[in-house]
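Hydrogens, waters and symmetry mates play no part in the numbers below; they use all other heavy atoms, side chains included. Values in this document were obtained by computation on a predicted structure and should not be read as measured data. One-based numbering along the sequence shown. Order of appearance sets the numbers: ligands from 1, and atoms from 1 within every ligand.
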Amino acid sequence: MSLLKVNNLKVYFPVKHGLFSRVKAHVKAVDGVSLHIEPGETLGLVGESGCGKTTLGRSIIRLIEPTSGTVEFDGEQITELSGGELRSSRRKFQMIFQDPYSSLNPRMTVGQIIGEAIDIHHLAANSVAKEARVQELLKAVGLDPIYAQRYPHEFSGGQRQRIGIARALAVEPKLIVCDEPVSALDVSVQAQIINLLKDLQVQKGLAYLFIAHDLAVVEHISQRVMVMYLGKVVELADSQKVCREPKHPYSQALISAVPVVDPDSKRQRIILPGDVPSPIDPPTGCVFHPRCPVAEARCKVESPALREITPGHWAACHLAK
Ligand code: SF4
């Protein structure tokens, strides 16, 4: 049974206008996304900024309320839970953020930050047990337990991300939504954090929804990769298939932008014309058609369905084969 099942999720934000704040239009940030994640699996989610990937991650764990659709997690309908039920279920799914500093209370010590999560869910019998657990978590993320007494500003970006991971782990989650967790870090530190996440996944059987704009990073950590454009899924398959044999013209352009180490590589960079269109007024037909290098007349009027092109490899393009 899948750990997470998302069905036709939509997140539309109203755009208000005028004296009476009438709703003029909607931003379709997430427009009918379905996905599943198995226990212990990493699903990578990629796309340019503004494609809806962060909104999707947040709406799955209801940090943003979805407009419609369902989210089933560990056999429970997350979209139907009330406030108290949702708070207690949140223990099973956590989030780590791109900028860990802004998510760590600067007035609390690291021990208090991690201990707070343990307190909320009553996971330690007393203060001695809580302290021991905090120390164990700091060790698990590669930090000296003595750091429990220090404040977030005393740490580097990579160390702060480790603290964010320790806080997420404190409640023994089954899934962590990782929202661009290494984008703000130096490349050498990125690799350390990715390796830490991979080690923790093996040790604890964690599943990740790993959101990033960098396909090279996503390929390294994910078993499957999903590509989003303008609120919709345009491709989904095993990570190697998406990164080596992309079917959708948008994925092909994203992959062509990944630097290649091999000097003999013949890969040509595909430059897409224009910018991502506004999600308030998306293009008709295939939403990618104004930028697509191989668009045909029907692409302007017919929206392509996400279909299985080869076993396990899905793409939303009329021409994909
Ligand atoms: Fe390009 Fe048409 Fe395929 Fe859309 S459906 S990606 S416009 S070829």
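Note: Y229 and H248 fail the aromatic proximity criterion, with ring centroids not under 6.0 Å apart.
Protein N, O or S atom count below 2.8 Å of atom 1 (Fe) of ligand 1: the structure gives 1.
Two residues are said to be in side-chain contact when any heavy atoms from C-beta on lie closer than 4.5 Å; L104 and R160 meet this criterion. Side-chain contact check for V71 versus L4: some heavy-atom pair is nearer than 4.5 Å.
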Identify all side-chain donor-acceptor contacts of residues 186-196 below 3.5 Å with residues at least two apart in sequence or on another chain.
{"from": "Q190", "atom 1": "NE2", "to": "V182", "atom 2": "O", "distance (Å)": "3.1"}
{"from": "Q190", "atom 1": "NE2", "to": "L185", "atom 2": "O", "distance (Å)": "3.3"}
{"from": "N195", "atom 1": "ND2", "to": "A191", "atom 2": "O", "distance (Å)": "3.2"}

Extract all donor-acceptor atom pairs below 3.5 Å that involve side chains of residues 269-277 and protein atoms in other chains or at least two apart in sequence.
none

Check: residues 132-152 side-chain donor-acceptor pairs under 3.5 Å, at least two apart:
{"from": "R133", "atom 1": "NH1", "to": "E136", "atom 2": "OE2", "distance (Å)": "2.9"}
{"from": "D144", "atom 1": "OD1", "to": "I146", "atom 2": "N", "distance (Å)": "3.0"}

